[in-house]
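Numbering of ligands and ligand atoms starts at 1, following listing order. Residue indices begin at 1 and follow the sequence shown.
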Amino acid sequence: METKLANAGDDILDEAAEILKSGGIAAIPTETVYGLAANAYDVNAVRAVFRAKGRPQDNPLILHICSVEMLYDIAETVQTLALKLAESFWPGPLTMIFPRKPHVPAETCGGLTTAAVRMPNNRFTLKLIERCGFPIAAPSANTSGLPSPTSARHVFEDMNGKIPLIIDGGECRYGVESTVICFENEDTVRILRPGAVTPEMLREFCHVNIDGGVLEKLAPDAKVISPGMKYKHYSPKAEVYILKGSTESDENYLSAKDGVKTGFLGFGDEKLTGDIVRFPYGASAEEQAEKLFSSLREADAAGCTEVYVRMPDTSGIGLAVYNRLLRAAGFRIIDADGGSDAVH
Ligand code: AMP
Ligand code: MG
């Protein structure tokens, strides 16, 4: 199959809508990462998404909507708190989980009785959903397990030959996937996956619990609310390690490395000796979120076999950066201050 790349705009809207209406799939831009879109109500189209990504069948998809009316078509009940959060954060990077209506296919929701819903903040994609008239199921448009795509070029790397159309909407604004929450009671939510809507932002409205799986490695047989949390994720081919020492001890650790092509994502103030290849990352959590996935992909393209990433500050969107990084690194943290390679 030939894969067409087209700029987001009104002239490609009809073609994209036709593909989705006739049961096909296409990649679309959002403000978080690129999505691989299908009609959420069409079981065969949804199956094609799972196939193109190589995604495990029990990892549910997020349903993308363009109006609150569409939410009522999906959700059996919508709490007052959910409406308040929708009013404040939609369109935007917040995904909420609701009990689903019977007509929402179980396949879309990984066999669960719930559905995850969000309204993306991208003009083209909102228009596309409106034109289609159904919610669009869209996981990240990468091959399952690889770093998520934050540009159309990344999607092309993974999906060339597998899908008919990639809509190029430029670089994604946030660079990490949406915050996923479920409701524990009328005034408490649980964060299952952190994103650009931060715990601090949600606390303005309700109590916020952060699920243990956000920062901890789950036991292989652990019961999880969000199946996506149990899979290896976001990893390039290179082995990724998190460096949690002071600037100086991390510099010393890296300078002593020899023999393998080594990549580094740092805050920008590190002085490095030797043949370490630097990739964009940055000092602020926002920059790190934007750059993490693309830099992990670049490190692979440059032939690095090991990549070291400095541990982010975990406040704000930093919690999302750390959550993705932990999974990319398979929870390997090197404490260069500890005097030894304390790999946990
Ligand atoms: P992705 O499609 O790659 O952005 O991943 C979607 C994330 O949302 C995964 O971590 C899923 O496990 C989670 N998710 C989607 N639907 C549900 C649901 N009904 N219940 C719990 N988690 C969900
Ligand atoms: Mg994904």
Side-chain angles (χ1 to χ4, degrees), residues 25 27-38 40 46 49-50 52-65 71 74-77 82 92-102 104-120 122 125 135-150 154-155 158-159 172 174-184 189-197 210-214 218 222-236 289 292-293 296-297 320 323-324 326-328:
I25 63 177
I28 53 166
T30 82
E31 78 282 29
T32 57
V33 301
Y34 275 74
L36 191 55
V46 163
V49 167
F50 279 93
K53 278 182 63 73
R55 183 176 175 105
Q57 299 261 337
D58 67 344
N59 193 1
L61 309 184
I62 293 170
L63 284 76
H64 294 74
I65 58 172
L71 171 63
I74 299 167
E76 196 73 80
T77 49
L94 179 68
T95 297
M96 297 190 264
I97 293 173
F98 301 94
R100 69 174 158 87
K101 286 191 168 159
V104 179
E107 277 89 345
T108 307
C109 303
L112 301 173
T113 55
T114 52
V117 185
R118 98 169 178 103
M119 191 187 292
N122 179 284
T125 293
I136 286 181
S140 49
N142 54 306
T143 300
S144 212
L146 294 185
S148 300
T150 58
H154 298 156
V155 180
D158 287 15
M159 294 296 151
C172 298
Y174 294 114
V176 288
E177 302 84 345
S178 60
T179 306
V180 178
I181 60 168
C182 64
F183 295 89
E184 298 207 313
V189 300
R190 171 171 293 262
I191 295 182
L192 303 176
R193 178 177 74 183
V197 172
I210 299 177
D211 197 83
V214 165
L218 293 161
K223 278 221 159 46
V224 290
I225 312 176
S226 181
M229 294 198 302
K230 69 184 179 194
Y231 292 108
K232 182 170 189 266
H233 246 130
Y234 320 120
S235 301
L292 177 67
F293 289 141
L296 291 178
R297 280 181 180 259
N323 168 270
R324 307 311 190 271
L326 278 169
R327 278 155 185 79

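Counted by atom type alone, Ser140 and Glu177 present zero donor-acceptor pairs between their side chains at under 3.5 Å. For the 3.5 Å distance criterion, the side chains of Thr125 and Thr30 fail to qualify, holding no donor opposite an acceptor. Side-chain atoms of Thr32 and Arg118 include a donor-acceptor pair closer than 3.5 Å.
A donor-acceptor pair is defined here as one N or O able to donate and one able to accept, closer than 3.5 Å; such a pair exists between the side chain of Arg55 and the backbone of Pro60. Judged by distance alone, the side chain of Asp158 and the main-chain N or O of Thr143 form a donor-acceptor pair under 3.5 Å. At distances below 3.5 Å, not a single donor-acceptor pair connects side-chain atoms of Arg297 with backbone N or O atoms of Pro236.
With ligand atoms numbered from 1 in the order given, ligand 1 contributes 2 (O) to contacts under 4.0 Å with heavy atoms of Pro139. Against a heavy-atom cut-off of under 4.0 Å, Ala116 is close to the following atoms of ligand 1: 15 (C), 16 (N), 17 (C), 19 (N). Short contacts between ligand 1 and Leu112, defined as distances under 4.0 Å to a heavy atom of the residue, involve ligand atoms 18 (C), 19 (N), 20 (N).
If you look at Thr114 next to ligand 1, the close heavy atoms, those under 4.0 Å, come from the backbone and the side chain alike. Proximity of Arg100 to ligand 1, defined as any heavy-atom pair under 4.0 Å, is not found for any part of the residue. Only the backbone of Leu61 comes within 4.0 Å of ligand 1, judged by heavy-atom distances. At a heavy-atom distance under 4.0 Å, atoms from both the backbone and the side chain of Pro60 approach ligand 1.
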**OP:** Might you work through the side-chain contact (heavy atoms from CB on, under 4.5 Å) test for Asn323 and Val176, ending with a clear yes or no?
**Re:** CA-CA 10 Å; Asn323 168 270; Val176 288; over 6 Å; no
**OP:** Starting from the C-alpha separation in whole Å, work towards a yes-or-no answer on side-chain contact (heavy atoms from CB on, under 4.5 Å) for Leu71 and Phe98.
**Re:** CA-CA 9 Å; Leu71 171 63; Phe98 301 94; 3.5 Å; yes
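Checked against a 3.5 angstrom limit, the closest N/O atoms of Asn59 and ligand 1 fall inside it.
Contact annotation: Ser140 has at least one heavy atom less than 4.0 Å from an atom of ligand 1.
Between the Mg ion (ligand 2) and Ser140 there is an N/O/S contact shorter than 2.8 Å.
Looking at Glu177, Arg55, Met96 and measuring to atom 3 (O) of ligand 1, the nearest heavy atom belongs to Arg55.
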